[in-house]
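This report refers to the structure that appears directly beneath it.
As the structure is a computational prediction, the values presented were derived from the model and not from experiment.
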Amino acid sequence: MREGHQGTGPGAITPDGCAVELYSRLPAGAEPDVIAAAVPEGAHILELGSGVGRMTHPLLDRGFRVTAVDESAEMLEHVRGTRTICSPIEDLDLGERFDVVLLASFLVHAGDAEVRRGLLRTCVRHVAEGGCVLIQREGADYHTDLPRERVDLSGFTVRIVSSEPVGDGVHSVRAEYEFPDAVWTQTFRARPMTGEQFERALGEAGLRVDRQLTEDGTWVRALPLS
(Lines give C-alpha, C1' and ligand atoms only; values in the text may rest on other atoms or scores of the structure.)
Protein backbone atom coordinates (compact mmCIF):
# COMPACT_ATOMS: atom_id res chain seq x y z
CA MET A 1 0.00 0.00 0.00
CA ARG A 2 1.35 3.44 -0.91
CA GLU A 3 1.95 5.70 2.07
CA GLY A 4 -1.20 7.55 3.14
CA HIS A 5 -3.47 5.41 0.96
CA GLN A 6 -6.10 2.98 2.18
CA GLY A 7 -9.24 1.28 0.92
CA THR A 8 -12.07 -0.71 2.45
CA GLY A 9 -14.86 -2.84 1.04
CA PRO A 10 -15.33 -6.15 -0.77
CA GLY A 11 -12.62 -7.60 -2.99
CA ALA A 12 -9.04 -6.73 -3.86
CA ILE A 13 -7.63 -3.30 -2.98
CA THR A 14 -4.80 -1.80 -5.07
CA PRO A 15 -1.69 -0.05 -3.66
CA ASP A 16 -3.37 3.37 -3.98
CA GLY A 17 -6.52 2.26 -2.14
CA CYS A 18 -8.77 1.56 -5.15
CA ALA A 19 -11.18 -1.36 -4.94
CA VAL A 20 -11.12 -3.49 -8.09
CA GLU A 21 -14.79 -4.51 -7.90
CA LEU A 22 -15.85 -0.91 -7.30
CA TYR A 23 -14.05 0.33 -10.40
CA SER A 24 -15.49 -2.51 -12.46
CA ARG A 25 -18.94 -1.06 -11.64
CA LEU A 26 -18.26 2.62 -12.35
CA PRO A 27 -19.53 4.03 -15.67
CA ALA A 28 -17.14 5.68 -18.14
CA GLY A 29 -19.01 8.99 -18.06
CA ALA A 30 -18.12 11.75 -20.53
CA GLU A 31 -14.36 11.19 -20.49
CA PRO A 32 -14.11 9.05 -23.66
CA ASP A 33 -15.99 11.74 -25.60
CA VAL A 34 -13.63 14.44 -24.29
CA ILE A 35 -10.62 12.37 -25.35
CA ALA A 36 -12.03 11.43 -28.74
CA ALA A 37 -12.72 15.07 -29.59
CA ALA A 38 -9.14 16.11 -28.79
CA VAL A 39 -7.09 13.58 -30.78
CA PRO A 40 -6.89 12.24 -34.35
CA GLU A 41 -9.10 9.35 -35.40
CA GLY A 42 -7.48 5.97 -34.92
CA ALA A 43 -4.67 7.37 -32.76
CA HIS A 44 -2.55 5.00 -30.68
CA ILE A 45 -3.14 5.93 -27.04
CA LEU A 46 -0.92 5.03 -24.11
CA GLU A 47 -3.35 4.98 -21.19
CA LEU A 48 -1.49 5.42 -17.90
CA GLY A 49 -3.49 4.14 -14.94
CA SER A 50 -6.11 2.31 -16.97
CA GLY A 51 -7.56 0.36 -14.06
CA VAL A 52 -10.20 -2.16 -15.18
CA GLY A 53 -10.62 -0.49 -18.58
CA ARG A 54 -13.41 1.92 -17.69
CA MET A 55 -12.19 4.26 -20.45
CA THR A 56 -10.10 1.71 -22.37
CA HIS A 57 -13.06 -0.21 -23.71
CA PRO A 58 -15.08 2.82 -24.92
CA LEU A 59 -11.94 4.16 -26.64
CA LEU A 60 -11.40 0.81 -28.37
CA ASP A 61 -15.05 0.89 -29.45
CA ARG A 62 -14.40 4.29 -31.05
CA GLY A 63 -11.61 2.86 -33.20
CA PHE A 64 -8.56 3.92 -31.20
CA ARG A 65 -5.64 1.63 -30.47
CA VAL A 66 -4.91 1.56 -26.74
CA THR A 67 -2.01 0.24 -24.68
CA ALA A 68 -3.29 -0.01 -21.10
CA VAL A 69 -0.86 0.41 -18.18
CA ASP A 70 -1.64 -0.13 -14.50
CA GLU A 71 0.34 -1.19 -11.44
CA SER A 72 -2.42 -3.59 -10.39
CA ALA A 73 -2.55 -7.00 -12.05
CA GLU A 74 -6.03 -7.48 -10.53
CA MET A 75 -7.26 -4.38 -12.36
CA LEU A 76 -5.72 -5.41 -15.67
CA GLU A 77 -7.43 -8.81 -15.54
CA HIS A 78 -10.63 -6.96 -16.47
CA VAL A 79 -9.16 -5.28 -19.58
CA ARG A 80 -10.13 -7.00 -22.81
CA GLY A 81 -9.18 -6.71 -26.46
CA THR A 82 -5.90 -4.84 -26.19
CA ARG A 83 -2.32 -4.94 -24.92
CA THR A 84 -1.84 -4.52 -21.17
CA ILE A 85 1.30 -3.75 -19.17
CA CYS A 86 1.56 -4.15 -15.39
CA SER A 87 3.95 -1.51 -14.04
CA PRO A 88 4.06 1.55 -11.79
CA ILE A 89 3.62 4.49 -14.15
CA GLU A 90 6.65 6.38 -12.87
CA ASP A 91 8.92 3.41 -13.70
CA LEU A 92 7.59 2.77 -17.19
CA ASP A 93 10.02 2.90 -20.13
CA LEU A 94 8.72 0.97 -23.13
CA GLY A 95 11.14 2.37 -25.68
CA GLU A 96 8.13 3.32 -27.79
CA ARG A 97 6.33 6.54 -28.72
CA PHE A 98 2.59 7.07 -28.93
CA ASP A 99 0.31 9.56 -30.67
CA VAL A 100 -1.43 10.29 -27.36
CA VAL A 101 -0.43 9.75 -23.75
CA LEU A 102 -3.34 9.80 -21.33
CA LEU A 103 -2.91 10.68 -17.63
CA ALA A 104 -6.41 10.75 -16.12
CA SER A 105 -7.92 10.20 -12.65
CA PHE A 106 -6.21 13.29 -11.15
CA LEU A 107 -2.93 11.35 -11.00
CA VAL A 108 -1.03 14.57 -11.69
CA HIS A 109 -2.03 15.62 -8.15
CA ALA A 110 -0.02 12.81 -6.52
CA GLY A 111 0.81 13.80 -2.97
CA ASP A 112 4.44 12.76 -3.39
CA ALA A 113 5.98 15.44 -5.60
CA GLU A 114 8.68 13.06 -6.83
CA VAL A 115 6.01 10.59 -7.94
CA ARG A 116 4.29 13.41 -9.84
CA ARG A 117 7.57 14.28 -11.53
CA GLY A 118 8.00 10.63 -12.47
CA LEU A 119 4.49 10.46 -13.94
CA LEU A 120 5.08 13.50 -16.11
CA ARG A 121 8.53 12.31 -17.19
CA THR A 122 6.88 9.06 -18.31
CA CYS A 123 4.41 11.09 -20.38
CA VAL A 124 7.22 13.00 -22.09
CA ARG A 125 9.29 9.84 -22.61
CA HIS A 126 6.47 8.14 -24.51
CA VAL A 127 4.79 10.90 -26.56
CA ALA A 128 5.63 10.92 -30.26
CA GLU A 129 6.81 13.95 -32.19
CA GLY A 130 3.66 15.82 -33.11
CA GLY A 131 1.72 13.96 -30.43
CA CYS A 132 0.01 15.22 -27.28
CA VAL A 133 -0.54 14.45 -23.62
CA LEU A 134 -4.07 14.62 -22.17
CA ILE A 135 -4.21 15.31 -18.43
CA GLN A 136 -7.16 15.33 -16.06
CA ARG A 137 -6.72 17.74 -13.14
CA GLU A 138 -8.81 18.65 -10.11
CA GLY A 139 -11.49 21.33 -10.30
CA ALA A 140 -10.91 24.65 -8.57
CA ASP A 141 -13.13 23.76 -5.58
CA TYR A 142 -12.19 20.08 -5.29
CA HIS A 143 -10.75 20.48 -1.78
CA THR A 144 -13.09 23.22 -0.52
CA ASP A 145 -16.62 22.29 -1.63
CA LEU A 146 -16.96 19.64 1.08
CA PRO A 147 -18.60 17.43 1.98
CA ARG A 148 -20.35 16.82 -1.33
CA GLU A 149 -22.15 13.93 -2.94
CA ARG A 150 -23.51 12.90 -6.29
CA VAL A 151 -26.17 10.29 -6.99
CA ASP A 152 -25.39 8.54 -10.26
CA LEU A 153 -28.21 7.66 -12.65
CA SER A 154 -27.20 4.02 -12.38
CA GLY A 155 -28.11 4.03 -8.69
CA PHE A 156 -25.01 4.52 -6.57
CA THR A 157 -23.88 7.50 -4.49
CA VAL A 158 -20.34 8.90 -4.43
CA ARG A 159 -19.26 11.25 -1.63
CA ILE A 160 -16.10 13.25 -1.13
CA VAL A 161 -16.27 13.38 2.64
CA SER A 162 -13.19 15.33 3.66
CA SER A 163 -9.85 16.79 2.59
CA GLU A 164 -7.53 17.44 5.51
CA PRO A 165 -4.06 19.06 5.26
CA VAL A 166 -1.30 16.70 6.40
CA GLY A 167 1.71 18.96 5.76
CA ASP A 168 3.91 20.13 2.88
CA GLY A 169 0.88 21.22 0.85
CA VAL A 170 -0.59 17.71 0.78
CA HIS A 171 -4.15 16.75 1.72
CA SER A 172 -5.61 13.44 2.87
CA VAL A 173 -8.86 12.90 0.97
CA ARG A 174 -11.59 10.42 1.93
CA ALA A 175 -14.15 9.23 -0.61
CA GLU A 176 -17.13 6.89 -0.15
CA TYR A 177 -19.04 4.90 -2.76
CA GLU A 178 -22.38 3.50 -1.67
CA PHE A 179 -24.21 0.89 -3.75
CA PRO A 180 -27.42 -0.90 -2.76
CA ASP A 181 -25.43 -4.05 -1.98
CA ALA A 182 -21.97 -2.78 -0.95
CA VAL A 183 -19.98 0.20 0.34
CA TRP A 184 -16.38 1.08 -0.48
CA THR A 185 -14.13 3.81 0.91
CA GLN A 186 -10.83 5.19 -0.34
CA THR A 187 -8.37 7.42 1.47
CA PHE A 188 -5.59 8.92 -0.61
CA ARG A 189 -3.14 11.80 -0.64
CA ALA A 190 -3.42 14.63 -3.13
CA ARG A 191 -1.53 17.85 -3.72
CA PRO A 192 -3.80 20.78 -4.70
CA MET A 193 -2.28 23.00 -7.40
CA THR A 194 -3.22 26.41 -8.69
CA GLY A 195 -3.21 26.93 -12.41
CA GLU A 196 0.23 28.52 -12.15
CA GLN A 197 1.58 25.62 -10.09
CA PHE A 198 0.12 23.13 -12.55
CA GLU A 199 1.75 24.82 -15.52
CA ARG A 200 5.06 25.06 -13.65
CA ALA A 201 4.95 21.34 -12.87
CA LEU A 202 4.35 20.56 -16.53
CA GLY A 203 7.12 22.93 -17.59
CA GLU A 204 9.63 21.24 -15.30
CA ALA A 205 8.90 17.96 -17.07
CA GLY A 206 9.13 19.46 -20.57
CA LEU A 207 5.45 20.07 -21.31
CA ARG A 208 3.30 23.13 -21.94
CA VAL A 209 -0.44 23.60 -21.82
CA ASP A 210 -1.87 23.83 -25.34
CA ARG A 211 -5.55 24.29 -24.48
CA GLN A 212 -8.30 23.34 -22.08
CA LEU A 213 -10.64 20.64 -23.31
CA THR A 214 -13.53 21.29 -20.91
CA GLU A 215 -15.17 24.47 -19.68
CA ASP A 216 -14.22 23.73 -16.08
CA GLY A 217 -10.57 23.26 -17.02
CA THR A 218 -10.35 19.75 -15.59
CA TRP A 219 -9.12 18.30 -18.89
CA VAL A 220 -6.04 19.80 -20.53
CA ARG A 221 -4.15 19.07 -23.73
CA ALA A 222 -0.39 19.49 -23.31
CA LEU A 223 2.42 19.43 -25.86
CA PRO A 224 6.15 18.75 -25.51
CA LEU A 225 8.29 21.85 -25.32
CA SER A 226 10.10 22.43 -28.60
Please step through side chain to side chain contact (heavy atoms under 4.5 Å, CB included) for the pair L48 and H126, ending with a clear verdict.
CA-CA 11 Å; L48 302 175; H126 290 90; over 6 Å; no
So, does Q136 use its side chain to make a donor-acceptor pair with the main chain of S105 at under 3.5 Å?
yes
Kindly say whether A28 contributes a backbone atom to a donor-acceptor pair with the side chain of R54 at under 3.5 angstrom?
yes
Would you call [X] and [Y] a salt bridge, using N to O less than 4.0 angstrom?
{"X": "R200", "Y": "E196", "answer": "yes"}
{"X": "E138", "Y": "R191", "answer": "no"}
{"X": "E96", "Y": "R65", "answer": "no"}
{"X": "R159", "Y": "E178", "answer": "yes"}

Could you report the tightest heavy-atom contact between [X] and [Y], atom names first, then the distance?
{"X": "S163", "Y": "V173", "value": "OG-CG2, 3.8 Å"}
{"X": "S50", "Y": "D70", "value": "N-OD2, 3.5 Å"}
{"X": "V166", "Y": "R189", "value": "CG2-NE, 4.4 Å"}
{"X": "R80", "Y": "L60", "value": "O-CD1, 3.6 Å"}
{"X": "V220", "Y": "G217", "value": "CG2-O, 3.8 Å"}
{"X": "L119", "Y": "A110", "value": "CD1-CB, 4.4 Å"}

Report yes if some heavy atom in the side chain of [X] is under 4.5 Å from a heavy atom in the side chain of [Y]; otherwise report no.
{"X": "H78", "Y": "V20", "value": "yes"}
{"X": "F156", "Y": "P27", "value": "yes"}
{"X": "R148", "Y": "Y142", "value": "yes"}
{"X": "R2", "Y": "D112", "value": "no"}
{"X": "E74", "Y": "V52", "value": "no"}
{"X": "S172", "Y": "T187", "value": "yes"}
{"X": "V39", "Y": "F64", "value": "yes"}

Decide if atom CD of E3 counts as having more than 12 heavy atoms of other residues, nucleotides or ligands within a radius under 6.0 Å.
no
E47: which of T82, T56, T84, T67 passes side-chain hydrogen bond (donor to acceptor under 3.5 Å, both in side chains):
T56
About how many Å separate [atom2] of [Y] and [atom1] of [X], when rounded to the nearest 0.5 Å?
{"X": "I13", "Y": "M1", "atom1": "CD1", "atom2": "CE", "value": "6.5 Å"}
{"X": "E77", "Y": "S72", "atom1": "CD", "atom2": "OG", "value": "8.0 Å"}
{"X": "T122", "Y": "D91", "atom1": "OG1", "atom2": "CG", "value": "7.5 Å"}
{"X": "D99", "Y": "E129", "atom1": "CG", "atom2": "CD", "value": "12.0 Å"}

Answer with yes or no whether the hydrophobic clustering places [X] together with [Y]; edges join I, L, V, M, F, W, Y residues whose side-chain heavy atoms lie under 4.5 Å apart.
{"X": "L202", "Y": "V101", "answer": "yes"}
{"X": "L59", "Y": "V100", "answer": "yes"}
{"X": "L120", "Y": "V115", "answer": "yes"}

For D152 and S154, does a side-chain donor sit closer than 3.5 Å to a side-chain acceptor?
yes
Apply the test side chain to side chain contact (heavy atoms under 4.5 Å, CB included) to residues L92 and L94: give CA-CA distance (whole Å), side-chain angles for both, the deciding distance (0.1 Å), then the verdict.
CA-CA 6 Å; L92 188 70; L94 298 177; 3.6 Å; yes
Apply side chain to side chain contact (heavy atoms under 4.5 Å, CB included) to the pair H109 and H143, showing each step before the final yes or no.
CA-CA 12 Å; H109 291 273; H143 294 275; 5.7 Å; no
Six-ring centre of F198, R137 cation under 6.0 angstrom, axis tolerance 45°:
yes
Angle class for the W184/F179 ring planes (parallel below 30°, perpendicular above 60°, tilted otherwise)?
perpendicular
Carefully, step by step, assess Q186 and L22 under the rule side chain to side chain contact (heavy atoms under 4.5 Å, CB included).
CA-CA 11 Å; Q186 183 183 9; L22 164 63; 5.9 Å; no
